[in-house]
Asks: 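The structure follows.
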Amino acid sequence: MKKRYKIAILPGDGIGPEVMNEACKIIKILKKKFNLMIETQEYDIGGIAIDKHGTALPKKTLKGCKKSDAILLGSIGGPKWNSLSPKNRPEVSSLLYIRKYFNFFVNLRPSLLLNKLNYLSPLKKKIVKKGFDILCVRELTGGIYFGKPSKEIKKKNQHYAIDTTIYNKYEIKRIAKIAFQEASNRNFKVTSIDKSNVLQTSKLWRKTVDKISKKYPKVKLSHLYFDNAVMQIIKNPSKFDVILCPNLIGDIISDECGILTGSIGMLPSASLNEKGFGLYEPAGGSAPDIQGKNIANPIAQILSLSMLLKHSFNMNNLSNLINYSVQKTLLKGFQTYDISDKKKFITTEQMGNEIIKSIIQDY
Ligand code: IPM
Ligand code: MN
């Protein structure tokens, strides 16, 4: 019997609902064309859930995620909820909570720039002549994001705040393994980023990654300090393959790699746990400044769906079909506001429709 799949759809805040709408259109087309048994169920999360239910992560949402085979998320947060204390902000109380709850320690963020699309990059043509294909493997449940203590302290005549960076060896080992495995299916290079000239956690990071690399003799490992890495990536992105990062460093490096493809609105992500259960979301955020204008780029959301089909449902062909259709649509010259000259561009909905046209043509 054909397997039934359940996807929990969490549109969230900002441009989330608009771009999610385009991804849902694609799910619908794929279901019809390929006779797939995929059920979707929508749940509230983030700021909008605070407004509607008084909490960023309602019980019903968490329950819905638990009984699904995968989670597709839009984006979370916005100016309306920025004045809340850090731990009550929707980013922390829903997104970071969910990451930790399901133990999504793996975060895969691929940035691909085809050579034929290199004019979309903010970098000079001679630098991106060949395009690039980088996979950022970010550790997602450790480091400074989750270390305790993390608080603001007011004493008599002292006022300070503290965050804690902590990494256990097992956390470094398990994410390093993922990076080497990914590289073994790509171009056999891992660049590990740290700040081991200063930080203790980085020293342990580097030592542990070195050790794990011995098990993958075909993969070439190099290390870069974080400050040097951001510079090297801008100078020559084509020489990178897999970039392995601690949590905070990966947050920054993945935005950098994303914008080098033309827009962070095209950067998808997969957050996975040991069992392969996953949450898929655009890495770019809720972009409240362009919310509701029908100009957001839906590609990151659509490519996140593609990652979901690959990693959670093993539907590699359909995942490739989506990727290919996105590339083809861009190659035809269709551009949303973010990647356009700001004079001639198509809407969020039109971009979704064009990608659907390519999907239908190419199959
Ligand atoms: C991301 C985002 C999140 C992060 C925020 C919203 C908490 O920037 O997924 O990259 O810092 O991880
Ligand atoms: Mn980020």
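Note that ligands are numbered from 1 as they come in the structure, with each ligand's atoms numbered from 1 the same way.
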Asks: For S111 and T261, does a side-chain donor sit closer than 3.5 Å to a side-chain acceptor?
Replies: no
Asks: I'd like to know whether the aromatic ring centres of F334 and F345 sit less than 6.0 Å apart in this structure.
Replies: no
Asks: Can you confirm whether the side chains of E152 and Y160 place a donor and an acceptor under 3.5 Å from each other?
Replies: no
Asks: Please list, one pair per line, the donor and acceptor atoms closer than 3.5 Å that link side chains of residues 221-231 to other protein atoms, with sequence neighbours excluded.
Replies:
residue, atom, partner, partner atom, Å
H223, NE2, D210, OD1, 2.9
D227, OD2, K195, NZ, 3.3
N228, OD1, Q232, NE2, 2.9

Asks: What residue among F313, F105, F102 forms ring-ring contact (aromatic ring centres under 6.0 Å, His included) with F277?
Replies: F102
Asks: Please tabulate protein-ligand N/O pairs under 3.5 Å for ligand 1, atom names and distances to 0.1 Å.
Replies:
residue, atom, partner, partner atom, Å
ligand 1, 8 (O), D251, OD1, 3.4
ligand 1, 9 (O), R99, NH2, 2.8
ligand 1, 9 (O), R109, NH2, 2.8
ligand 1, 10 (O), R109, NH1, 3.0
ligand 1, 10 (O), R109, NH2, 3.2
ligand 1, 10 (O), R138, NH1, 3.4
ligand 1, 10 (O), D251, OD1, 2.9
ligand 1, 11 (O), Y145, OH, 2.5
ligand 1, 12 (O), R99, NH1, 2.8
ligand 1, 12 (O), R138, NH1, 3.2
ligand 1, 12 (O), R138, NH2, 2.9

Asks: We want to know whether Y101 and K66 form a side-chain donor-acceptor pair, criterion being a heavy-atom distance below 3.5 angstrom.
Replies: yes
Asks: So which protein N/O/S atoms does the Mn ion (ligand 2) have within less than 2.8 Å?
Replies: D251 OD1
Asks: Establish, yes or no, whether a centroid distance under 6.0 Å links the rings of F132 and F240.
Replies: no
Asks: Can you check whether S202 reaches Y167 side chain to side chain, under 4.5 Å on heavy atoms?
Replies: no
Asks: Taking only residues two or more places apart in sequence, or in another chain, which ones meet K52 in a salt bridge (Lys or Arg N to Asp or Glu O under 4.0 Å)?
Replies: D44
